[in-house]
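Residue numbers start from 1 in every chain, and the chains themselves are labelled A, B, ... in the order their sequence lines are given, proteins ahead of strands.
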Amino acid sequence: MKKLISMMVLFIFAVVALAGCGSSGQEPANEENNAAGAGMLQFTANPEDFVRQGFVTKDGWKLSFENVYVNLANVTAYQSDPPYDPDTGGEVSGKVVVGLEGTSIIDLAEGDENAFPILVAEAVEAPAGHYNAISWDMTKIATGPAAGYSLVINGKAEKGDRTIGFIIKDENEYGYIGGEYIGDERKGIVTEGGTADIEMTFHFDHIFGDADTPTDDELNVGAPGFEPFAALAEGDTVDVDMAVLKEKMSAEDFAKLEVMLPTLGHVGEGHCHAVVK
Amino acid sequence: MKKYYTFLAVICLLVAWPAIAAYAHGVDITYGNTSAIQLTAKFDTGEPINGGDVVIYAPNEPAKPWGTGKCDENGSFTFTPDPVLQGTWDVQVRQAGHGGMVHIPVAGSAIQPVSTGFTTAQVVIMSASVIWGLVGTALYFSRRKS
């Protein structure tokens, strides 16, 4: 009987001690992005439906595009910490950086009206994590028919019974730094053995305006539209570069063009910090 | 010796009392001091993003939206993050082809959830105590007198 009593006393002490050691039951969640290993990171370029499907400018010209060449250089993705703020500008604080070597001449008009964004290159062994910033340059193409230009837009404009073929060339060079992709899905999250993409987006409505957007919208107020280009047509053709435009376009329209061209580069719907080089 | 056994039985009942209470129409009420987050989204022009689409990403699942919503006419949106999920909460606001993202740190010291309930381990131990106490008491009263 004494043995039973002793066991009971010991048990009570054990119960009291263990009950006092109970936890609160709430543990903090771990911080994200502790992933290890590597996966594939695809770099894509997206001209959006504006180029793929054509669109009507703010001044009523229906544009379609044959070729839109850009020369992409120094394309680099970052796991930025802190996240990059394009409004503040400056350099990206990237703990992990994946860059592409060389340059890539991309035809943004490639593919049909429902084409996916264009694959520029792949980094097969990208360290896992969230690539939440990207930078790239648009530099002059070295060879071929577009040599000497960072951007060549070749297309057709229609309004009423008039049709104009146009080639607009830009000899300036630009640098873009964007933060995280803004869009329907979150991009740039590489998991071990997985595949993710990070996108360079180009907003051509910034140059020509968009008839589907209110006329007093900031976009249409700032965009030159197509009419200033149509005014320079010789016959049914416009073939101009920035030097010609500066000489022949009105000062007001050319000033708008100079402001809007650096804003072509986006990350989805997020704008970039841009510089003219 | 009899007083000692009675004292022991009372101790057992006192120890087991919370468990007994927990099984009698128990109500487990929790509360927490949460911090709501209000953000305001505007275009570069200063115009509020009226009706902007909001997507919230929690720190534990950065690829999957934790919640969605819309800004009010002033571009404002308020949400209360899950206090358990500490880290950086990312909130995206978009409208008319343009948007941005804000990154909000939620630290452990800012939000401290509190619960009045017992843990599973505590409930199990207390239940065992009740049973052990009842068995011991029964053995005491059923013992043969020498």
Margin query: Under 4.5 Å from any heavy atom of chain B, what part of Tyr181(A) do you find: side chain, backbone, both or neither?
Written below: backbone
Margin query: Can you tell me which of Asp205(A), Asp212(A), Asp184(A), Val267(A) forms the most heavy-atom pairs within a distance under 4.5 Å of chain B?
Written below: Asp184(A)
Check: Hey, does the side chain of Gln92(B) reach the backbone of Gly183(A) with a donor-acceptor pair shorter than 3.5 angstrom?
Finding: yes
Checklist line | Steps toward ring-ring contact (aromatic ring centres under 6.0 Å, His included) verdict (His206(A), His98(B)) | finding: CA-CA 12 Å; His206(A) 283 214; His98(B) 291 274; 5.4 Å; yes
Check: NE2/His130(A) to OH/Tyr57(B) distance, rounded to the nearest 0.5 angstrom?
Finding: 9.0 Å
Next item on the list: Could you tell me whether Gln53(A) atom CD has more than 12 heavy atoms of other residues or ligands within 6.0 Å of it?
Entry: yes
Next item on the list: Could you tell me whether the side chain of Asn132(A) reaches within less than 4.5 Å of the side chain of Met101(B), counting heavy atoms only?
Entry: no
Notebook entry, point to check: In terms of heavy-atom pairs under 4.5 Å with chain A, which of Lys64(B), Arg94(B), His103(B) leads?
Noted result: Arg94(B)
Check: Between Arg186(A) (side chain) and Pro62(B) (backbone), is there a donor-acceptor pair under 3.5 Å?
Finding: yes
